[in-house]
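Structure first, commentary second.
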2 protein chains.
Amino acid sequence: MAKHDPDLSLLFHALADPTRRSILSRLAETPARVTDLAGPTGLRLPTVMRHLSVLEEAGLITTSKDGRIRTCAIVPEALDPARTWLDEQRAIWEARLDRLDAFVMNVMKKERAE
Amino acid sequence: MAKHDPDLSLLFHALADPTRRSILSRLAETPARVTDLAGPTGLRLPTVMRHLSVLEEAGLITTSKDGRIRTCAIVPEALDPARTWLDEQRAIWEARLDRLDAFVMNVMKKERAE
DNA sequence: ATCATGCTTAGCCATATCGCTAACTATCGC
DNA sequence: GCGATAGTTAGCGATATGGCTAAGCATGAT
């Protein structure tokens, strides 16, 4: 059980910012240039660049430069570790709920018996 | 489509820290006191308290105080918004991949025809 | 009443984050 | 070549984060 998973920390941190999530949503439609991505956000280019490098370091996007244009695209499988972790947790948490149910039912049975 | 979803930001931010994730894992087993949670982390109580309040503000845990003891417990459904967002994104991203496949196949067809 | 326990508050320090401007580089179109 | 376009780098300021210590408060045990 991964105690210190830097990947997950990078991933969740990248997803924790609304600007970055909206950039991802935009890129989900189609790859785009840096300027295209900056437009809707209302932020300056250097600011957007920083967000993009956060996304890239988290593995969520790839970028490539052709001439003076940098094109950004999503990396679909990058979300998998996050999904996997959430699924695992849900499974564990629900298992605990089941045990809790069993416990409660047991208590009720006992009380009924008294 | 939620442009600015503070819930998601709080959620993902809370999950972005390894200490907080390990606290959640610990709580997945059973509710615990603050001191119990602090032990494994090797961190001081005030530090752990801060992590706990981040988790609580994100809705991931609830706490209640009985006498001088504060007991913390997970809120299982709190992960749902994150899961939902990830699922939505995956769906959209995969749809885009399908369109890309179609595009590539079309190009290949054209090239074969020349 | 006193002491130990469990938590809380206040405040400090170092670092990270998020926004910006200004200045620089590199390419494209003419 | 020259100007416009696209991106990059450097660095600033405000705020947030994550750790700590020290001191305070409330409760439980004796």
Side-chain angles (χ1 to χ4, degrees), chain A residues 3-27 30-74, chain B residues 3-27 30-74:
Chain A
K3 287 285 178 195
H4 311 293
D5 192 330
D7 272 16
L8 272 183
S9 295
L10 280 179
L11 245 184
F12 283 131
H13 173 249
L15 296 177
D17 186 283
T19 299
R20 287 195 287 268
R21 287 199 306 277
S22 78
I23 288 178
L24 285 179
S25 294
R26 166 64 187 78
L27 286 178
T30 165
R33 302 178 307 159
V34 175
T35 306
D36 294 338
L37 295 173
T41 67
L43 298 175
R44 302 290 181 181
L45 268 186
T47 305
V48 172
M49 287 283 300
R50 211 166 195 70
H51 283 303
L52 291 178
S53 64
V54 169
L55 288 171
E56 194 168 15
E57 277 168 30
L60 283 163
I61 66 171
T62 43
T63 75
S64 61
K65 204 169 177 180
D66 180 21
R68 58 183 162 165
I69 292 180
R70 176 171 300 279
T71 302
C72 308
I74 51 173
Chain B
K3 287 284 181 196
H4 313 293
D5 191 332
D7 272 15
L8 272 184
S9 295
L10 280 178
L11 244 182
F12 282 132
H13 172 249
L15 296 177
D17 185 283
T19 298
R20 286 193 288 266
R21 288 199 305 278
S22 78
I23 287 177
L24 285 179
S25 294
R26 166 62 187 78
L27 286 178
T30 165
R33 301 178 307 159
V34 176
T35 306
D36 292 340
L37 294 173
T41 67
L43 298 175
R44 301 292 180 179
L45 268 186
T47 306
V48 173
M49 287 284 299
R50 213 172 196 70
H51 284 303
L52 291 178
S53 63
V54 170
L55 289 170
E56 194 168 13
E57 276 168 31
L60 284 162
I61 67 172
T62 43
T63 74
S64 61
K65 204 169 177 180
D66 180 21
R68 58 185 162 168
I69 292 180
R70 178 172 298 280
T71 302
C72 310
I74 51 173

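As a basis for the values below, the full set of heavy atoms in this structure was taken, side chains included, without hydrogen atoms, waters or symmetry mates. Naming: A, B, ... by sequence-line order, numbering from 1 per chain.
- Heavy-atom minimum distance, B:M49 versus B:V34: SD-CG1, 4.1 Å.
- The listed nucleotides are D:dG19, C:dA10, C:dA4; the one nearest the side chain of B:P46 is C:dA10.
- Checking D:dG7, C:dT8, C:dC18 against every side-chain atom of A:D17, the shortest atom distance belongs to C:dC18.
- Taking atom CD1 of residue A:I69 and atom C1' of nucleotide D:dG7, one finds them 10 Å apart after rounding to whole Å.
- Comparing C:dT27, D:dT27, D:dT8 against the side chain of B:R68 picks out D:dT27 as the nearest.
- If you take CG of A:D66 and P of D:dG7, they are 11 Å apart, rounded to a whole angstrom.
- One atom, NZ of A:K65, and another, P of D:dT8, lie 4 Å apart when rounded to the nearest Å.
- The side chain of B:R44 sits closest to D:dT21 out of D:dT21, C:dT8, C:dC18.
- Shown for residues 49-59 of chain A: residues whose heavy atoms fall under 4.0 angstrom of DNA chain D, namely A:M49.
- Residue B:L37 contributes atom CG, which lies 13 Å from atom C1' of C:dC7 at whole-angstrom precision.
- Residue pairs that meet the side chain to side chain donor-acceptor pair (under 3.5 Å) test with at least one member in residues 41-58 of chain B, sequence neighbours left out, are B:R20-B:H51, B:E56-B:T63.
- Nearest to the side-chain atoms of A:R33 among the listed nucleotides C:dG6, D:dG7, C:dC18 stands D:dG7.
- In this structure, B:D36 places its CG atom 13 Å from C1' of C:dC7, rounding to the nearest Å.
- Atom CG of A:L43 is separated from atom C1' of C:dT17 by 14 Å (rounded to the nearest Å).
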